[in-house]
Amino acid sequence: MTNTTEERVRGIQWLADWGEWLVGLTFARGIGPEELAARLGALPDLRPGPLTAQDAWSMVTETADGDGVARVGTWGDWTFAVEHGMPAGAERLAEVSRGGVEAVHLDPQPDHPPTLFAYAHDGELVCCFGIGEECWRGGHRPDHLLPELVAAGILTPEGTSTRPEGEPDEEDGRRTLAVLERRFGLCLPRHLIEEAALPAYVTCTA
């Protein structure tokens, strides 16, 4: 196995090749799994116990509209939540990051591409953009990752795309995931998402 392949397996670049990426992923640095679940809106009286991905998807069909199931754990420096159904991290990221916590959210948006990235710190949404649409950035500091995106050849120093409009590059998604992987030290093995039975909570996005 080459170093490049090892990096993709160990980090998050493998998500670019995952044809069944249907779950939201929320990462938090500075809090544990139970607290992450609470900040994602976990309902205190609904703790179904360790669930696999298949179990979680089955439970989603039984929850109320707008609810989801979050499977939580830790890997490296980060606590993570695998969000099945409605991804609470998309709406609650600033709340997740309060008290000096760092939080990253990736939402694959399978019905409405592109995949969305957002980063929050200390109660503030710092920056966000669609992967493949990095030239359109939001947040309180939209250029927070501009140096890294320029260094990777994704954006120009002015913040515009380096490729002609309307000419998608199949490697764009992987290159951006690689930037996020390196900048934040993100890593989440595939088996944890697909196979592991993880502590689970029902979350409410309301």
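Index from 1, following the sequence. Only this structure's heavy atoms are used, side chains among them; waters, hydrogens and symmetry mates stay out.
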First locate atom CD1 of I131, then atom CG of L177, and finally report the distance between them rounded to the nearest 0.5 Å. 4.5 Å
Testing the basics here: between V104 and L93, what is the closest heavy-atom pair and its distance to 0.1 Å? C-CD1, 4.2 Å
Closer than 3.5 angstrom, by distance alone: can the side chain of W78 be matched with the main-chain N or O of F184 as a donor-acceptor pair? yes
What side-chain donor-acceptor pairs closer than 3.5 Å can you find for residues 48-55, not counting sequence neighbours?
from: T52; atom 1: OG1; to: D55; atom 2: N; distance (Å): 3.2
from: T52; atom 1: OG1; to: D55; atom 2: OD2; distance (Å): 3.1
from: D55; atom 1: OD2; to: T52; atom 2: N; distance (Å): 3.2

Output all residues satisfying side-chain contact (heavy atoms from CB on, under 4.5 Å) with A28, sequence neighbours left out; order by chain, then residue number. I31, L36, V96, V101
Please name all residues satisfying side chain to side chain donor-acceptor pair (under 3.5 Å) with T74, sequence neighbours left out, ordered by chain then number. none
For V69 and T203, which heavy atoms make the closest approach, and how far apart are they? N-OG1, 4.2 Å
Taking only residues two or more places apart in sequence, or in another chain, which ones meet T79 in a side chain to side chain donor-acceptor pair (under 3.5 Å)? none
Would a single hydrophobic cluster contain both F80 and L186, if residues Ile, Leu, Val, Met, Phe, Trp and Tyr are joined by side-chain heavy-atom contacts under 4.5 Å? yes
Quick one, R174 with W14, criterion side chain to side chain contact (heavy atoms under 4.5 Å, CB included). Give me CA distance, side-chain angles, the key distance, then yes/no. CA-CA 8 Å; R174 181 176 291 105; W14 64 269; over 6 Å; no
Nearest-0.5 Å distance, SG of residue C128 to NE2 of residue H105: 11.0 Å
Applying salt bridge (charged side-chain N to carboxylate O under 4.0 Å, His left out), which residue pairs with at least one partner in residues 95-109 are found, sequence neighbours left out? R29-E102, E35-R98, E95-R98
Test L15 against L106 for side chain to side chain contact (heavy atoms under 4.5 Å, CB included), laying out the working first. CA-CA 10 Å; L15 290 167; L106 293 169; 4.2 Å; yes
What verdict does the side chain to side chain contact (heavy atoms under 4.5 Å, CB included) test give for L180 and L145, after you've listed the backbone C-alpha separation in whole Å, the side-chain angles of each residue and the deciding distance to 0.1 Å? CA-CA 9 Å; L180 302 179; L145 295 181; 3.7 Å; yes
Just how far is it from atom SG of C135 to atom CG of L149, taken to the nearest 0.5 Å? 10.5 Å
Name all pairs fulfilling the salt bridge (charged side-chain N to carboxylate O under 4.0 Å, His left out) condition that reach into residues 119-131, sequence neighbours left out, sorted by first residue then second. E124-R141
Would you say W136 ends up clustered with L116 if hydrophobic residues are merged whenever their side chains have heavy atoms under 4.5 Å apart, either directly or through other cluster members? no
Would you compute the distance between atom CZ of R183 and atom OG1 of T176 and round it to the nearest 0.5 angstrom? 15.0 Å
Among all residues two or more places apart in sequence or in another chain, which pass the ring pair (Phe, Tyr, Trp, His ring centres under 6.0 Å) test with H144? Y119
H121 and S97: side-chain donor and acceptor closer than 3.5 Å? no
Residues that H84 engages under ring pair (Phe, Tyr, Trp, His ring centres under 6.0 Å), provided they are two or more places apart: W57
Before we go on, tell me: are the rings of F117 and F129 under 6.0 Å apart, centre to centre? yes
Looking at every heavy atom in both A118 and L125, which two are closest together, and how far apart are they? CB-CD1, 4.0 Å
Any chance you could measure E181, atom CD, to R175, atom CZ, to the nearest 0.5 Å? 15.0 Å
Residue set satisfying side chain to side chain donor-acceptor pair (under 3.5 Å) with D77, at least two apart, ordered chain then number -> none
Applying side-chain contact (heavy atoms from CB on, under 4.5 Å), can you list everything that pairs with T156, at least two apart in sequence or on another chain? E158, T160, T162
Do I12 and V179 sit in one hydrophobic cluster, given that two such residues count as connected whenever their side-chain heavy atoms are within less than 4.5 Å of each other, even indirectly? yes
Going from CZ on R71 to CD on E83, what distance comes out if it is rounded to the nearest 0.5 angstrom? 12.0 Å
Smallest separation among heavy atoms of P157 and L146, with atom names: O-CD2, 3.7 Å
Taking only residues two or more places apart in sequence, or in another chain, which ones meet E195 in a side chain to side chain donor-acceptor pair (under 3.5 Å)? none
Residues passing the side-chain contact (heavy atoms from CB on, under 4.5 Å) test with A178, sequence neighbours excluded, are Q13, R182
